[in-house]
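Take a look at the structure set out below.
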Amino acid sequence: MASASNAEAIKATEKTEEEKDALASKICVALGLMMTAVTMCVPTRAPMVLAIKKGDAAATARAMGLMSTCAAVIELLINPVLGKLSDEKGRKPFMMCTPLVSAFLHSLVAVLPGNLAMQFLDRMVSGSMIFGFIGPLNASFADLFAKNPQKLGMVMAKSGSLMGLGAAVGPFIGAKLGGARSFLISALSFVATSLYVNTLLEETLTEDRRKKFQLSDINPVLFLKLYKKKTLGYLASSSALASFGDYVNVYDINNLFMIKVLGYGQSQIGTFATLVGVSQILGGQISSRIMKATSLKVSALLGNFWWLVGMIMMGSARTTPQAFAALLIWTFGHQRATPTSSYLQKYAAEEGMGRAEIVAAQGNLTAYLKVLAPLMYSNLFAVGTSNGRNLPGLPYFLIAALTVASQAAFMKADPQD
């Protein structure tokens with residue numbers, strides 16, 4: 001099996017640029033399928049937990065913030081391990097297995113939809129499995145294109161479009177199905193994702209680039225390897241600060257904001273989540289073209305600027321047209337951190353780190369922040385909406401400030417192509 005996997009990898013890395021692009025497109029489709037399964041439950045989990053909490057929005061915010069934080073704690077433990085194992089065993093095994101774990105847990109939620117403990121278990125473990133899939137997937141892109149940061153950035157931006165497609169289709173289906181049925185169909189979608197990876201994707205990690213896993217590699221502070229050099233450290237900090245605005249960190253607050261401020265129900269939340277996905281599709285295409293026409297640095301600056309504007313607009317929104325105007329602006333900022341990730345691959349590889357290890361170290365750092373972010377956002381939301389206060393946009397204003405800090409760190413790094 002190992003020799004067959006290596007033969008696949010050699011074949012993949014020896015492809016022409018056109019053939020590599022074709023393989024990258026297939027990998028992007030896998031990401032789209034995974035995100036369809038993941039986001040199918042985005043419009044349904046919050047209303048289910050809200051019902052369990054008997055309509056208490058503040059209590060729901062705290063509960064869902066705690067779920068996300070626990071998922072991040074699990075990521076802290078498994079990210080370094082999965083990254084190092086992927087650099088030894090290859091990318092495909094993890095891209096096949098992690099969706100199956102999520103499929104099993106979503107099936108349990110479908111059977112016990114009113115059980116808060118099951119909601120917690122599913123959100124914690126399946127949330128961490130998202131990285132278990134995306135980490136090796138991004139490492140596959142690096143296997144193919146890491147020697148050219150600009151090309152890698154363009155491919156990762158394209159993958160953002162397919163991620164957006166999944167994030168558009170998933171909530172649309174989930175909102176139509178509702179409750180337990182959305183979790184059941186999501187589980188089947190995870191299984192389909194695993195089958196697609198097994199059947200249509202080739203291994204990209206060659207034998208000569210594999211790094212043997214050792215027990216000493218189990219390192220909950222793997223991210224410290226990204227601070228060996230000044231430029232690398234600033235890039236890591238920029239990536240970390242940008243992650244506070246990542247969709248996985250804000251979608252619970254998005255949903256609660258829609259419920260509390262705009263009075264949305266499940267169907268309307270699903271529509272908004274679908275349009276977030278559409279904006280990601282467009283954003284990936286636009287960012288890829290900007291990178292091709294200009295540079296990674298220009299793309300980062302524009303992405304961070306528009307994300308700043310969009311977050312301020314969302315935090316200030318009180319009507320549906322205002323919220324959708326903010327969402328339109330988000331389109332141009334979804335890929336703001338892609339240039340940073342491309343440069344991280346270049347500079348960290350120069351320090352002897354494996355491709356998946358780099359992704360894992362980056363994920364390890366952002367996982368620490370994921371422990372903080374959901375609780376911080378949920379508590380800010382609770383403070384802003386309790387005791388007569390009407391400041392539900394506080395989390396968005398904080399993200400705007402952190403976006404400015406992310407761009408400042410990127411400029412301080414001053415990476416070179």
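If you read the sequence from its start, that first residue is 1, and numbering goes on from there.
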Exercise. Is the Phe223 to Tyr368 ring centre distance short of 6.0 Å?
Worked result: yes
Exercise. Is the count of non-hydrogen atoms from other residues, nucleotides or ligands lying under 6.0 Å from Lys176 atom NZ greater than 12?
Worked result: no
Problem set entry | Minimum side-chain heavy-atom gap Ser182-Arg45 below 4.5 Å | no
For this session: Could you tell me whether the side chain of Thr44 and the main chain of Gly174 form a donor-acceptor pair under 3.5 Å?
Result: no
Exercise. Considering only heavy atoms from C-beta outward, does the side chain of Met67 approach that of Gln119 to under 4.5 Å?
Worked result: yes
Seminar exercise, completed: Ser243 and Leu369 have their tightest heavy-atom pair at OG-CD1, 3.8 Å
For this session: Decide if atom CZ of Arg289 counts as having more than 12 heavy atoms of other residues, nucleotides or ligands within a radius under 6.0 Å.
Result: no
Exercise. Side-chain donor-acceptor pair under 3.5 Å between Lys151 and Ser342, yes or no?
Worked result: no
Problem set entry | Within-4.5 Å side-chain heavy-atom neighbours: Ile134 and Met163 | yes
Problem set entry | Atom of Ser126, atom of His106 and distance for their closest heavy-atom approach | OG-CE1, 3.7 Å
For this session: Tell me, with the steps shown, if Leu116 and Val49 meet side-chain contact (heavy atoms from CB on, under 4.5 Å).
Result: CA-CA 7 Å; Leu116 185 61; Val49 176; 4.3 Å; yes
For this session: Report yes if the side chains of Lys297 and Asp414 come closer than 4.5 Å at any heavy-atom pair, otherwise no.
Result: yes
Exercise. Taking Leu195 as the fixed residue, which of Val191, Asn198, Val197 is the one that meets the side chain to side chain contact (heavy atoms under 4.5 Å, CB included) rule?
Worked result: Val191
Seminar exercise, completed: To the nearest 0.5 Å, atom OG of Ser237 lies from atom CG of Leu365 at 7.0 Å
Exercise. More than 12 foreign heavy atoms under 6.0 Å from NZ of Lys260: is that the case here?
Worked result: no
Exercise. Distance-only, no hydrogens or angles: does the Ser287 side chain make a donor-acceptor pair with backbone N or O of Gly284 under 3.5 Å?
Worked result: no
Exercise. Given Leu301 and Phe305, is the side-chain contact (heavy atoms from CB on, under 4.5 Å) satisfied, shown in steps?
Worked result: CA-CA 6 Å; Leu301 177 62; Phe305 172 77; 5.6 Å; no
Problem set entry | More than 12 heavy atoms of other groups within 6.0 Å of Phe172 CZ | no
For this session: Please work out whether the ring planes of Trp330 and Trp307 are parallel, tilted or perpendicular, with thresholds of 30° and 60°.
Result: tilted
For this session: Measure from the side-chain N and O atoms of Lys292 to the backbone N and O of Met154, and report whether any donor-acceptor pair falls under 3.5 Å.
Result: no
Exercise. When you look at Glu350 and Lys229, which way does the salt bridge (charged side-chain N to carboxylate O under 4.0 Å, His left out) test go after all the steps?
Worked result: CA-CA 10 Å; Glu350 291 175 357; Lys229 295 291 180 67; over 6 Å; no
Exercise. Any sub-3.5 Å donor-acceptor pair from Thr36's side-chain atoms to Gly170's backbone N or O?
Worked result: no
For this session: Using ring-ring contact (aromatic ring centres under 6.0 Å, His included) as the criterion, list what pairs up with Phe133, not counting sequence neighbours.
Result: none
Problem set entry | CZ-OG distance between Phe190 and Ser102, expressed to the nearest 0.5 angstrom | 4.0 Å
Problem set entry | Non-hydrogen side-chain atoms of Glu357 and Lys225 separated by less than 4.5 Å | yes
Exercise. Roughly how far, to the nearest 0.5 Å, is the CE atom of Met156 from the CG atom of Asn138?
Worked result: 4.5 Å
Exercise. Rounded to the nearest 0.5 Å, what separation is found between the CG atom of Leu162 and the CD1 atom of Ile27?
Worked result: 11.5 Å
Problem set entry | Distance-minimising heavy-atom pair for Ala63 and Phe120 | O-CZ, 3.6 Å
Exercise. Would you call Leu152 and Lys346 a side-chain contact if the rule is heavy atoms closer than 4.5 Å?
Worked result: no
Exercise. Do Tyr396 and Ser316 meet the criterion of a side-chain donor-acceptor pair at a distance under 3.5 Å?
Worked result: no
Problem set entry | CE (Met411) with more than 12 external heavy atoms under 6.0 Å | no
Problem set entry | Closest non-hydrogen atom pair between Leu262 and Ala323, with its separation | CD1-CB, 4.0 Å
For this session: Apply side-chain contact (heavy atoms from CB on, under 4.5 Å) to the pair Ser279 and His334, showing each step before the final yes or no.
Result: CA-CA 8 Å; Ser279 75; His334 285 302; 2.7 Å; yes
Exercise. Between the side chain of Tyr377 and the main-chain N/O of Phe244, is any donor-acceptor distance below 3.5 Å?
Worked result: yes
Exercise. Do Arg210 side-chain atoms and Glu88 backbone N/O form a donor-acceptor pair below 3.5 Å?
Worked result: yes
For this session: Classify the angle between the aromatic ring planes of Phe410 and Tyr343 as parallel (below 30°), tilted (30 to 60°) or perpendicular (above 60°).
Result: tilted
Seminar exercise, completed: Closest non-hydrogen atoms of Lys26 and Tyr196, given as atom of the first, atom of the second and distance, are O-OH, 3.0 Å
For this session: Would you give the length of the straight line joining atom CD of Glu203 to atom CE of Met95, rounded to the nearest 0.5 angstrom?
Result: 9.0 Å
Exercise. Is the backbone N or O of Gln285 less than 3.5 Å from a side-chain atom of Ser288, with the two atoms forming a donor-acceptor pair by type?
Worked result: no
For this session: Measure the shortest side-chain to side-chain distance between Lys89 and Phe94 over non-hydrogen atoms and say whether it is less than 4.5 angstrom.
Result: yes
For this session: Could you tell me the separation between the CD1 atom of Ile281 and the CD1 atom of Ile286, rounded to the nearest 0.5 Å?
Result: 11.5 Å
Exercise. Are the side chain of Asp122 and the backbone of Val109 linked by a donor-acceptor contact shorter than 3.5 Å?
Worked result: no
For this session: With the side chain counted from C-beta on, respond yes when Leu137 and Arg91 share a heavy-atom pair under 4.5 Å apart, and no when they do not.
Result: no
For this session: Apply the side chain to side chain contact (heavy atoms under 4.5 Å, CB included) test between Thr403 and each candidate in Asn304, Ile312, Val309, Leu398; give the one that qualifies.
Result: Asn304
Problem set entry | Heavy-atom pair with the smallest gap, counting every atom of Thr366 and Ser239 | CG2-O, 4.4 Å
Problem set entry | Derivation of the side-chain contact (heavy atoms from CB on, under 4.5 Å) call for Leu226 and Met353 | CA-CA 9 Å; Leu226 298 177; Met353 295 179 68; 4.1 Å; yes
For this session: Would you mind checking if Arg209 and Asp143 are paired as a salt bridge, meaning a charged N to carboxylate O distance below 4.0 Å?
Result: no
For this session: Could you give me the CA-CA distance, side-chain angles and deciding distance for Lys158 and Ser25, then say whether side chain to side chain donor-acceptor pair (under 3.5 Å) is met?
Result: CA-CA 8 Å; Lys158 179 181 178 181; Ser25 294; 2.7 Å; yes
For this session: May I ask you to decide if Ala103's main-chain N or O and Ser107's side chain share a donor-acceptor pair within less than 3.5 Å?
Result: yes
Problem set entry | Heavy atoms from other residues, nucleotides or ligands near CZ of Phe397 exceed 12 (cutoff 6.0 Å) | yes
For this session: With Phe141 as reference, evaluate Val359, Leu23, Val155 under the side chain to side chain contact (heavy atoms under 4.5 Å, CB included) test and give the passing residue.
Result: Val155
For this session: Kindly say whether Asn148 contributes a backbone atom to a donor-acceptor pair with the side chain of Gln150 at under 3.5 angstrom?
Result: no
